[in-house]
Visitor: 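This is the structure, below, for whatever I ask next.
Reminder, nothing fancy here: chain letters follow the sequence lines and each chain counts from 1. Only heavy atoms go into these numbers, but all of them, side chains included; no hydrogens, no water, no symmetry mates. What you see is a predicted model, and the numbers here were worked out from it, not measured in a lab.
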Amino acid sequence: MENVARKPGTVTPAGAPKRGPLSFWERIYVVEAARGVWITTVHFCRNMWRHTLHLVGLAKDKQAAVTVQYPEELRYVPPRSRTRHRIVRREDGSPRCVGCMMCETICPARCIYIVAEEDPDPNIEKRPKRFDIDLGMCVFCGFCVEACPEDAIRMDTQMVDLAAYSRNGMILTLDQLLAGEPAAPREATNALGERVHG
Amino acid sequence: MPKLTIDGREVEVEQGTTLIEAARRLDIHIPHYCYHRGLSIAGNCRMCLVEVEGAPKMMIACHTQAADGMVVHTDNDKCREFRASILEFILVNHPLDCPVCDQAGECKLQDYYMEHGAAGSRLDEDKVKKRAKAKQIGPNIMLDTERCILCSRCVRFTDEITHTHELGITERADHSEITLADGAWLDNRYAGCVVDICPVGALTDRDFRFKCRVWYLTAVDSICTGCGRGCNIAIHVNRDRPHKAGGARVMRYKPRENPEVNQWWMCDEGRYTYKQIDHDRLTEATVEGRTATVEEALDATGAALRKAGDAVGVLVATTATNEELYLARALFAGALGGHAAYLAPPQGEADDLLILADKAPNTRGAQEILGEQAADPVAWVKEKGVKAVVVVGEAELTGLKAEVDHVAVIATHPGKATEQAHVVLPGSVHAEAEGSFTNLAGRVQRIRVAVPPIGGAVETWRLLMELGDRLGHPFDFAFEDDIFAALADQLAPFAGLSHESLGRRGAPLGSGTTQPAEVA
C-alpha cells in the first residue's frame, strides 16, 4: 500500500497510510485478488519446505513460521508470571490455609469458594473444608496471593496450559490445589522438545 | 441542670449524666470497650479518657458526671495520644488471630486500631499465653481468653441481667482471665447475649462459628417470632455466596436496641429460630397430594370456595402479620360473608426478663383484627357450618378434612396442617415479606424483607389477594403498606399509624390518634 497516492496537505497519523481513491487495476478486483493468493502461496511453499528441512535436521537457523507451533513448540514463561494456583502445605502436610476467606473476599472474579471447618488442633482452630477455584472464571490477577495472611496460596506452578472438556472440569478442588508444586520457569522449546531462545 | 461544653459545643443535661452520654447527645462518639448502657459502669478499659479543663489528669468519660461549666475535649492531640497509648497497652497480649477470628469485621479492636492506633508493636517480650485457646464454656458459646481484653461486660451481664453468675475473672495482672465459676456452664437462657456485647473475639457463637465472614452479611431490621415479646432484631443474610453453610440464606439473628421492648437483649430460644427460615420449607403447591403450580392450586381453592357460597371460613395462625390477618378478614368475613377466626397460639415457658408464654409473634394483632379465637378448629368449623376453609399457618387440624368439603392450607413448613389439606399453597415466613406484628403489650412493629420467598413459595399476602381475584373480590393493593393503610383506616386501634410512622422501633396501638407519629 506504500504506492497509494497521498493528497498534498492531508495529515495522517504516523505509520497509517492514508487510502487514496482506488486505481483502475484495483477496481477491477481480479488482479488484486490474484496477487493476494500469490503472496499466500509463496509463504506456504517456503514454510512447508523449511518445516520439511527441519524434520530431517537441516536449516535449523531459518525460521519456518513466525507463529509458535503450539503445543509442539512452547514459549518461554517468565519466572514471575502468575500461573495456576497451588495451596502451600505445612511441614506435616496439612494445608497452610486457615480459611480466613480473604482471597475469596478480594477476588474480583468471584471464582474462589471456601467453606471452613474446625481444626482439631485448638492452636490452629480453623481449616478449609472446601477450597475450590473456578479457573474458568479466574482472571489471574493475583489478588488472592497478595491478600493471603498465611502465604498459603501461590501462583508459581508455571502451569499455563489449562483446559478441560466441561465447565465443571475447570474447577480446581483443594486436593488438586495441594498437589501443585512450584516449578522452574518454563523454557522455550521447539517442536522436537529442544530448548530454543524465545 | 448542668450545662457543659464538649468540643466547643454547649449541651445541657440532667444531673448525674455521664460525659459519655452527654457527648452522645451531641452525636460525639467517645471510643470505649467496657462501658455498655445496659450494664453497670466498670471503668476498667480506660479507652474513654477525655480531657476536662482544670482537672489534673485525664478523666474517664463513662464514669465522670457532667458538672456545670465543665469544658471537655474529646478529640484533641492529648486525647488521641492517650487513646493510642491505651490501645497499645490493651493489644500487648492480644494475638494476631484475625484470620481465624469470627469477630473480625465487627471487632472494636480492629475499628479503633485503624482509627486511633495504627502503629507497629513495640513489644519485645513474648506475649503471655493463657491456659486454653478456643474453649467451649456453654452449649452455644466459645471462649478464647487470649483474645479477651478483660472489659468484664460478660461478667456484669451474668451478674446484673440474668443473675446467674456463671462468669468471673480469676488470676492476677496479665494472667487474669475470664473463668467459669466452679461447676457452672454458661447455659442460661440469654447466654448468646455475651457474644453480642463482647467487643472483641473472646466470646463467639458456636452456631455461627466459621460459617462465613461478617462482611458477607446484610443486616435487615425485623422482629423475632419466638414469642409475644416482639424483640427487635436484625436478620443477617448471606445473599451472594450460596456455597456457605450448605446454602442457608439466613446466618444469624442479632438483637437490636429498643428501650421499649427488649433493651439490648434477646433469648437464645428466639436467637436460633432463624434456622426454620431455610430448613424443610414447602416450595411447591400441591392439589390432592399431587404437585401443581400455584395458579392451579389457587384455581382449585377458588372454585371450591365459590361453590361453598357464604359457608366459607378462614383460620389464621398468630404467626401471620397484621396485613395478612386484615386481608383474611376483609375477604372472608367481609366480602364473602363467611367467617374468620385465629388459631390458639402455642404456649410455653415464660420468665421474668423477656420470654413470654405465648409463643407466637402476633397474638395481639389477631385479637385486634379478627377478634374471635377458634380454640378447636374442628369444633369451630362445625359450629359455623363452614364447608370450605382456608388455613393460614401451622395448626393441629386432625379430623378437619372429614367435616368440610375443602381445606386449603397456606403454610411454610410441612406439618399437621398440610397433612389435612386438599390444597397446599407455599407461603412466606416473616423474613420474606414486608408487614408488621403487634406484640402482646400492643406495640406495632415492622418486619422487612430480608430474602425473597424460597423456591416456588409466594408471599402469603399475595396468595390471599390472588384468592380475592378468583372469588370476584379483587383487592387493589400494590404493596404491603397499602394493606396496612386500609387496616389503619378501618380499625380504630391502628388509626393514624402507617408503615412509615412505625419507623424502626414501632409504636403502641392507639398512639396514632393521641400523639404525633413517633419518628425513630
Visitor: Verify the neighbour count for atom NZ of B:Lys254: are there more than 12 heavy atoms of other residues, nucleotides or ligands below 6.0 Å?
Guide: yes
Visitor: Is the shortest distance from a Lys or Arg side-chain nitrogen in A:Glu104 or B:Arg241 to a carboxylate oxygen in the other one below 4.0 Å?
Guide: yes
Visitor: Check the surroundings of atom OH in A:Tyr165: do more than 12 heavy atoms from other residues, nucleotides or ligands lie under 6.0 Å from it?
Guide: no
Visitor: Would you call A:Glu125 and B:Arg209 a salt bridge, taking side-chain N to carboxylate O under 4.0 Å as the test?
Guide: yes
Visitor: What part of A:Pro122 lies closer than 4.5 angstrom to a heavy atom of chain B: side chain, backbone, both or neither?
Guide: both
Visitor: For atom CH2 of A:Trp38, decide whether the heavy atoms of other residues, nucleotides or ligands shown that lie under 6.0 angstrom number more than 12.
Guide: no
Visitor: Between B:Pro99 and A:Met102, is any pair of side-chain heavy atoms under 4.5 Å apart?
Guide: no
Visitor: Tell me if the CH2 atom of A:Trp49 is crowded by more than 12 foreign heavy atoms within 6.0 Å.
Guide: no
Visitor: Tell me whether B:Arg213 contacts the main-chain N or O of A:Met101 through its side chain, where contact means a donor paired with an acceptor under 3.5 Å.
Guide: no
Visitor: With a 4.5 angstrom heavy-atom cut-off, which part of B:Asp144 approaches chain A: side chain, backbone, both or neither?
Guide: side chain
Visitor: Is there a side-chain contact (heavy atoms from CB on, under 4.5 Å) between A:Glu118 and B:Phe210? Walk through the geometry before answering.
Guide: CA-CA 8 Å; A:Glu118 189 88 34; B:Phe210 303 159; 3.8 Å; yes
Visitor: For chain B, which candidate among A:Val115, A:Asn123, A:Thr105 shows the most heavy-atom pairs at distances under 4.5 Å?
Guide: A:Thr105
Visitor: If you draw a 6.0 Å radius around NZ in B:Lys275, do more than 12 non-hydrogen atoms from other residues or ligands fall strictly inside?
Guide: yes
Visitor: Which bit of A:Arg127 is near chain B, if near means a heavy-atom gap under 4.5 Å: side chain, backbone, both or neither?
Guide: neither
Visitor: More than 12 heavy atoms of other residues, nucleotides or ligands under 6.0 Å from CZ of A:Phe140: yes or no?
Guide: yes
Visitor: Check this for me: A:Met48, atom CE, are more than 12 non-hydrogen atoms of other residues, nucleotides or ligands nearer than 6.0 Å?
Guide: no
Visitor: Using every non-hydrogen atom in the two residues, find where A:Ile124 and B:Val100 come nearest and quote the distance to one decimal.
Guide: O-CG1, 3.9 Å
Visitor: Chain B heavy atoms under 4.5 Å from A:Ile114: which part of the residue, side chain, backbone, both or neither?
Guide: both
Visitor: Among the options A:Glu117, A:Arg110, A:Arg130, A:Glu150, pick out the one with the most heavy-atom pairs lying under 4.5 Å from chain B.
Guide: A:Arg110
Visitor: Counting only heavy atoms not in A:Asp61, do more than 12 sit closer than 6.0 Å to its CG atom?
Guide: yes
